[in-house]
A.B. asks: 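Let me give you the structure first, and then I'll get to my questions.
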Number of protein chains: 2
Amino acid sequence: MTRRPSSRVTIRDVARAAGVSVATVSKVINGRDGIADATSARVLGVVAELGYESSLIATSMRRRRTNVIGVLVAEFEPFALQLLRGVSSALQGTDYDILAYAGSVSAGDHSGWERRSLSRLGGTLIDGAIIVTPTVALPETSVATVAIDPHAGPAGPATVDTDNLGGARAATEHLIAQGHRRIAHIRGRVDLESARQREQGYRQALEAAGLPFDPALVVDGAYRAATSTPAATALLELPEPPTAVFAANDLSAIEAIRVARTHGLRVPDDLSVVGFDDIPEAVSADLTTVRQPLHEMGAAAVRILLEMLGGSGPEHIRMPAEIVVRGSTAPPRG
Amino acid sequence: MTRRPSSRVTIRDVARAAGVSVATVSKVINGRDGIADATSARVLGVVAELGYESSLIATSMRRRRTNVIGVLVAEFEPFALQLLRGVSSALQGTDYDILAYAGSVSAGDHSGWERRSLSRLGGTLIDGAIIVTPTVALPETSVATVAIDPHAGPAGPATVDTDNLGGARAATEHLIAQGHRRIAHIRGRVDLESARQREQGYRQALEAAGLPFDPALVVDGAYRAATSTPAATALLELPEPPTAVFAANDLSAIEAIRVARTHGLRVPDDLSVVGFDDIPEAVSADLTTVRQPLHEMGAAAVRILLEMLGGSGPEHIRMPAEIVVRGSTAPPRG
DNA sequence: CTGAAAGCGCTAACAC
DNA sequence: GTGTTAGCGCTTTCAG
């Protein structure tokens with residue numbers, strides 16, 4: 001009863017109140033044997049009474065396992081959030097809790113956030129990490145790691161990705177099939193393999209259809225709405241603007257639609273737009289897009305990670321990408 | 001070069017490599033003054049070379065501030081995720097990073113997860129906490145805390161909530177205006193004030209319209225899809241089933257629609273359904289619902305928390321709730 | 001069966 | 001200017 005007023009109750013408070021040593025309390029809590037039943041019961045009583053919970057921080061400094069899986073993202077945007085949902089439901093009923101960390105919210109420099117986050121948490125706060133869209137090659141770390149939408153292709157560390165090339169081709173072919181000939185591309189984050197693959201798919205589709213590739217029709221959106229605003233604007237203000245746009249992700253596509261409207265263009269009548277990802281917002285925007293099974297990708301990452309924690313080697317999983325036609329695409333007018 | 005192979009690089013590795021003491025490295029990293037420029041430069045060089053990042057865990061054990069805001073949720077479901085998005089964008093450009101923790105993923109017992117999470121992280125891993133739908137009254141803690149959709153009403157600790165009563169009334173009145181007379185209610189998590197308010201709003205609307213309240217038409221969904229399955233089933237298998245359902249949240253509403261379909265009922269022709277929250281999935285489900293400004297609520301929680309961190313007292317914010325009519329509601333047939 | 005002591009990585013007095 | 005020391009809350013040998 002003599003503990004400092006508004007502070008956490010620590011293992012020492014419990015020890016004092018139960019009249020035993022700190023070490024004994026630790027043993028009781030962790031179910032180590034070699035403790036008298038009476039002592040154990042008394043300590044447990046005090047724990048309940050005081051509402052003691054061991055500090056994750058202190059515990060993790062001393063111990064190897066924390067039973068916490070880390071999900072490292074740059075920021076909490078829809079793509080990462082959907083993955084997180086998949087991770088969360090896959091981990092339901094296991095021993096693991098989830099800790100999601102957005103490491104580049106504060107830092108101005110986006111590049112390298114994952115290395116920073118990993119170092120900061122990897123001490124041993126987390127047993128394993130799922131890293132979403134890392135900007136750089138991951139360092140060989142002590143902590144088990146799987147990357148979703150990796151920086152490089154499926155090599156080295158475990159990865160989960162999508163058939164980005166095929167998806168992008170399908171998206172572009174859809175526009176071509178509708179009769180579009182001047183098709184622009186809002187590129188993704190070029191440091192990511194996914195963005196390069198999507199651009200590649202776009203170019204392959206053009207080439208297969210015998211359409212010329214016009215560098216002026218490719219602009220950078222970096223997967224972000226803010227970056228896509230000037231990109232889309234530049235496209236629409238071209239002397240000979242495109243009749244269709246394939247954006248590297250939904251956020252860019254939705255922004256392109258917004259920009260088109262401010263230019264007095266109607267979608268899909270004056271401009272067709274296709275995205276990539278199929279985040280929940282794509283449905284509200286009535287956006288034709290390429291669906292990535294985000295939920296399943298999160299779950300797959302969990303499965304691989306748990307296997308790695310169990311001793312298996314890294315694994316690479318590629319998910320199918322499938323086009324979902326909604327109302328943002330139509331044949332070009334006359 | 002003689003450090004243990006696959007381990008994190010620690011402050012001691014840096015100190016050794018730079019030929020200085022651990023304390024000096026710490027001072028350099030934290031920009032304390034009283035260090036020779038030459039020493040500082042040398043240490044910084046080693047830090048860069050070795051790729052050293054201070055351990056968040058170790059730092060937080062010794063320090064007061066970590067510049068990390070914790071968002072504590074039971075699990076990562078759509079409601080919490082939307083809030084998280086609001087929190088994330090509100091924190092963009094500040095000094096704070098975000099750590100979201102789902103504390104009842106592993107633990108079977110859902111009740112009290114927030115106290116557990118808070119104790120575990122509150123050591124000082126986080127400077128402040130935003131707790132989403134706490135199940136119990138929050139303990140007076142050392143760490144600044146704001147609750148979103150609190151257990152009790154706006155009292156005690158800082159809170160952000162919605163006009164649940166008004167929203168529920170509006171939802172029920174919408175059904176009544178369409179001519180429904182037998183309107184059921186799938187109740188939310190009764191330990192939350194929001195669920196009680198929504199039921200209250202439902203009953204008030206019935207009463208104001210002179211409709212009888214039938215206890216058989218109120219079932220428990222606990223805000224979860226799994227729990228809502230039997231609840232909705234019971235409703236539809238009643239001798240005299242309802243023609244409309246007001247569900248306490250969108251997850252329950254969407255599940256009710258699914259169950260209705262498996263019973264061969266068409267929505268909205270045979271059964272009208274209204275939800276609450278307006279999560280992104282509500283749009284895909286074409287669900288009439290009551291919109292909570294989730295994004296803004298997350299941002300509001302951030303604002304209050306930052307003010308509290310700056311020394312202000314707790315605050316209570318109530319957001320408006322607004323009905324959004326989509327395709328899941330229509331006048332009853334015949 | 002229980003306790004004393006060491007130490008995880010780091011920071012904050014306080015010496016030198 | 002820089003190093004030494006103590007200690008955050010906890011777990012883990014190792015003595016008693």
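Just so it is clear, the structure is predicted and the values come from calculations on it, not from any experiment. So you know, we letter chains A, B, ... as the sequences are listed, proteins then strands, and number each from 1.
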A.B. asks: Please state whether the phosphate of C/dG9, meaning OP1 or OP2, lies under 4.0 angstrom from any side-chain nitrogen or oxygen of B/Thr59.
C.D. replies: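 Answer no for this pair, as no side-chain N or O of B/Thr59 is under 4.0 Å from OP1 or OP2.
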A.B. asks: Any pair with a residue in residues 51-61 of chain B that passes salt bridge (charged side-chain N to carboxylate O under 4.0 Å, His left out), sequence neighbours left out, goes on the list, sorted by first then second residue, please.
C.D. replies: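 Salt bridge (charged side-chain N to carboxylate O under 4.0 Å, His left out) check on residues 51-61 of chain B returns no pairs.
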A.B. asks: Any salt bridge (charged side-chain N to carboxylate O under 4.0 Å, His left out) pairs touching residues 148-162 of chain A, not counting sequence neighbours?
C.D. replies: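 Passing the test, one end in residues 148-162 of chain A: A/Asp161-A/Arg318.
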A.B. asks: With distance as the sole criterion, do the side chain of A/Arg12 and the base of D/dG9 form a donor-acceptor contact below 3.5 Å?
C.D. replies: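 Flag unset: no donor-acceptor pair detected.
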A.B. asks: Can you list everything that forms a side chain to side chain contact (heavy atoms under 4.5 Å, CB included) with A/Ala301? Sequence neighbours excluded, please.
C.D. replies: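 Once residues adjacent in sequence are excluded, the partners of A/Ala301 under the side chain to side chain contact (heavy atoms under 4.5 Å, CB included) criterion are A/Ile130, A/Val146, A/Ile148, A/Val160.
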A.B. asks: Tell me: CZ of B/Arg65 to C1' of C/dC10, nearest whole Å?
C.D. replies: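 In whole Å, C/dC10 C1' lies 18 Å from B/Arg65 CZ.
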A.B. asks: Given atom CZ of A/Arg16 and atom P of C/dT2, what is their separation to the nearest angstrom?
C.D. replies: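 These atoms are roughly 20 Å apart.
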A.B. asks: Establish, with yes or no, whether the OP1 or OP2 oxygen of D/dC8 is under 4.0 angstrom from a side-chain nitrogen or oxygen of A/Ser55.
C.D. replies: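 Answer no for this pair, as no side-chain N or O of A/Ser55 is under 4.0 Å from OP1 or OP2.
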A.B. asks: Sequence neighbours excluded, which residues qualify as side chain to side chain contact (heavy atoms under 4.5 Å, CB included) partners of B/Pro78?
C.D. replies: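 B/Pro78 satisfies side chain to side chain contact (heavy atoms under 4.5 Å, CB included) with A/Arg85, B/Leu251, B/Ile279, B/Glu281 once adjacent residues are dropped.
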A.B. asks: Can you measure B/Met61 atom CE to D/dA6 atom C1' for me and round it to whole angstrom units?
C.D. replies: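 For the pair B/Met61 CE and D/dA6 C1', the rounded distance is 13 Å.
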A.B. asks: When the axes are fitted on five pairs at both termini, how much does the helix from C/dC1-D/dG16 to C/dC16-D/dG1 curve, in 10° steps?
C.D. replies: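 Its terminal axes enclose an angle near 50°.
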A.B. asks: The criterion is side chain to side chain contact (heavy atoms under 4.5 Å, CB included); which residues satisfy it with A/Val46, sequence neighbours excluded?
C.D. replies: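 With neighbours one apart ignored, the set is A/Val14, A/Ala17, A/Ala18, A/Leu50.
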A.B. asks: Identify, between B/Gly19 and B/Ala58, the residue whose nearest nucleotide on DNA chain D lies closer to the 5' end.
C.D. replies: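 In this pair, the answer is B/Gly19.
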A.B. asks: Could you state the atom-to-atom distance from CG of B/Leu125 to P of C/dC10 in whole Å?
C.D. replies: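 Those two atoms, CG and P, are 14 Å apart.
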A.B. asks: The side chain of A/Ile11 is closest to which nucleotide in this list: D/dC10, C/dT11, C/dG9?
C.D. replies: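 Nearest to the side-chain atoms of A/Ile11, counting from C-beta on, is D/dC10.
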A.B. asks: Tell me the interatomic distance from B/Arg63, atom CZ, to C/dC10, atom C1', rounded to whole angstroms.
C.D. replies: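 Going from CZ in B/Arg63 over to C1' in C/dC10 covers 9 Å.
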A.B. asks: Keeping to residues at least two apart or across chains, list the salt bridge (charged side-chain N to carboxylate O under 4.0 Å, His left out) pairs with something in residues 298-317 of chain A.
C.D. replies: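 Residue pairs passing salt bridge (charged side-chain N to carboxylate O under 4.0 Å, His left out), neighbours aside: A/Arg303-A/Glu307, A/Arg303-A/Glu315.
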A.B. asks: Short of 4.0 Å, heavy atom to strand atom, which residues of residues 20-36 of chain B count as contacting DNA chain D?
C.D. replies: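 Going residue by residue through residues 20-36 of chain B, the ones with a heavy atom under 4.0 Å of DNA chain D turn out to be B/Val20, B/Ser21, B/Ala23, B/Thr24, B/Lys27, B/Gly34, B/Ile35, B/Ala36.
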A.B. asks: Output yes when B/Asp95 and B/Arg65 qualify as a salt bridge under the 4.0 Å nitrogen-oxygen rule, no when they do not.
C.D. replies: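 Salt bridge absent between B/Asp95 and B/Arg65.
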A.B. asks: Calculate the interatomic distance between A/Arg62 atom CZ and C/dC8 atom C1'; express it in whole Å.
C.D. replies: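 Value for this atom pair: 6 Å.
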A.B. asks: If you round to the nearest 0.5 Å, how far is CG of B/Leu294 from CG of B/Leu84?
C.D. replies: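 That separation rounds to 11.5 Å.
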A.B. asks: Restricting to salt bridge (Lys or Arg N to Asp or Glu O under 4.0 Å), what partner residues turn up for B/Glu193, sequence neighbours left out?
C.D. replies: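 Once residues adjacent in sequence are excluded, the partners of B/Glu193 under the salt bridge (Lys or Arg N to Asp or Glu O under 4.0 Å) criterion are B/Arg196.
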A.B. asks: I need the CZ-P distance between B/Arg120 and D/dC10, as an integer number of Å.
C.D. replies: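 Going from CZ in B/Arg120 over to P in D/dC10 covers 11 Å.
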